[in-house]
Amino acid sequence: MTQHARQSGHFGRTTVGLALAITILLLASPAAAQNASNATLARVLVLGTGGTIAGQASARAGNAYDSGKVSSADLIAAVPGMDKLARISAEQISSIGSQDMNDKVWFDLARRIRAAIDSNEVDGIVITHGTDTMEETAFFLQNVIDTDLPVVLVGSMRPSTAIGADGPANLYEAMRVASAPEARGRGVLVVLNDTIHGARWVTKTNTTSVETFRSPDAGPVGYVDTGSLRFLQPAAPAKGAKLKLPEAPPLPRVDIIYSHANMDAAPIEDAVKRGAKGIVLAGVGDGNSSKAAIDALAAAAKQGVVVVRASRVGSGFVNRNVEVEDDKLGFAVSLDLNPQKARVLLELLIANGVTDPKAVQQAYGATP
Ligand code: DGL
């Protein structure tokens, strides 16, 4: 890797989904060049996917903006002092709002990260990403990337052209984390608003606030600002086998069914008819649902559809065999994984041939 950064140019000129690399010079001044040529600096690869962090004010009225208009290389170049943190290269994987995140981009990201690690190109990875589905991408990568190196997702709640844009500070802080030896061995991380979260626990909790990411059951793993980086616990050694990334997308279809008062069986029966290989119940309370829905899920499980009960509540662990007879009906529970992350794991499990309810439960975590 050189001290050059690769970039794609403006998003509008890129082909979405292709990792497009064009060399740019991030190092304008001789002093900066000296800094960046410092071989002691960590090598960090920035992979751009789009999102509000790359958003620009739109010609539409009011405070409207369009996601994914600014390349990650341009974002980096706009943040002072980044060249003193790391030797940075940047590539564009996609240019989308993360509401459009999809299996193809996930596979492209995972393959590029693996290649960079296998060829010893990098000491850390930063992924710029929309906040809407950031937790799903983080958790997907956590399950398929086997590395001790820091892999850090970062985004912003305000577009780059907004008053008080939070993207530059978030990007600086993500770079600080990705280039830090003490960030190793902590799995995939999410950095926003001076806070570092772990992929298993983090979730978006507020539609607009810059303090949107929280880890309700575990708390953050650390804090970062321009002057300091603190982890609250020592790094834990990576545990558990990683799941194999299938040859090619798409992942098997897994639907999330949202439970509510007065619920009937129709959404579950429809999912089975549409060919869902797995169903995650976003259940009420402790992952529960109406008798009609539970009966329909039991019928689906009998037909070979893998059923996992999660909760729509937003925090807490779903317990087995309390109100719902999981052993008898052949269900697994997601424990602390929210429905959207339970879905990611179930897609990967089914793709890896893990469909037996006991093995599926084991993959979500041991239950007392
Ligand atoms: N379009 C949404 C996304 O890319 C906006 C949210 C954001 O990026 O903060 O996820």
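Just so you know, these numbers come straight off a predicted model, no measurement behind them. In what follows, residues are counted from 1 in the order of the sequence shown. Read the numbers this way: they start at 1 and go in the same order the structure lists the ligands and their atoms.
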Note to self: Please give me the minimum heavy-atom distance between Ala235 and Gly185, naming the atom from each residue.
What the structure shows: CB-O, 3.7 Å

Item checked: Under-4.0 Å salt bridge between Arg343 and Glu347 -> yes

Margin query: So if I count the atoms of ligand 1 from 1 in the order they appear, which ones are less than 4.0 Å from some heavy atom of Gly97?
Written below: 4 (O)

Item checked: Residue and atom name of the nearest protein heavy atom (relative to atom 1 (N) of ligand 1), distance in Å to one decimal -> Gln99 OE1, 2.7 Å

Item checked: Per-atom contacts of ligand 1 with Ser156, taking only distances under 4.0 Å to non-hydrogen atoms -> 7 (C), 8 (O), 9 (O)

Note to self: If the test is side-chain hydrogen bond (donor to acceptor under 3.5 Å, both in side chains), which one of His197, Lys341, Gln340 qualifies with Glu135?
What the structure shows: Gln340

Notebook entry, point to check: Polar-atom distance check: Lys204 versus ligand 1, any N or O pair below 3.5 Å?
Noted result: no

Notebook entry, point to check: What is the nearest protein non-hydrogen atom to atom 10 (O) of ligand 1, stated with its residue, atom name and distance?
Noted result: Ser98 OG, 2.4 Å

Notebook entry, point to check: How are the rings of Phe140 and Trp106 set to each other: parallel, tilted or perpendicular (split at 30° and 60°)?
Noted result: parallel

Next item on the list: Say whether His129, considering both its backbone and side-chain N or O atoms, lies within less than 3.5 Å of an N or O atom on ligand 1.
Entry: no

Next item on the list: Would you indicate whether the side-chain heavy atoms of Leu171 and Ile76 approach each other to under 4.5 Å?
Entry: yes

Next item on the list: Specify the protein heavy atom at minimum distance from atom 2 (C) of ligand 1: its residue, its atom name, and the distance to 0.1 Å.
Entry: Asp132 OD2, 3.0 Å

Note to self: What I want to find out is whether Asp108 reaches Arg112 closely enough, with some N-O distance under 4.0 Å, to be called a salt bridge.
What the structure shows: no

Check: What do you reckon, does Thr133 have a nitrogen or oxygen under 3.5 Å from a nitrogen or oxygen of ligand 1?
Finding: no

Next item on the list: Under 4.0 Å from a heavy atom of Thr52: give me the atoms of ligand 1 that qualify, with their elements.
Entry: 4 (O), 5 (C), 6 (C), 7 (C), 8 (O), 9 (O)

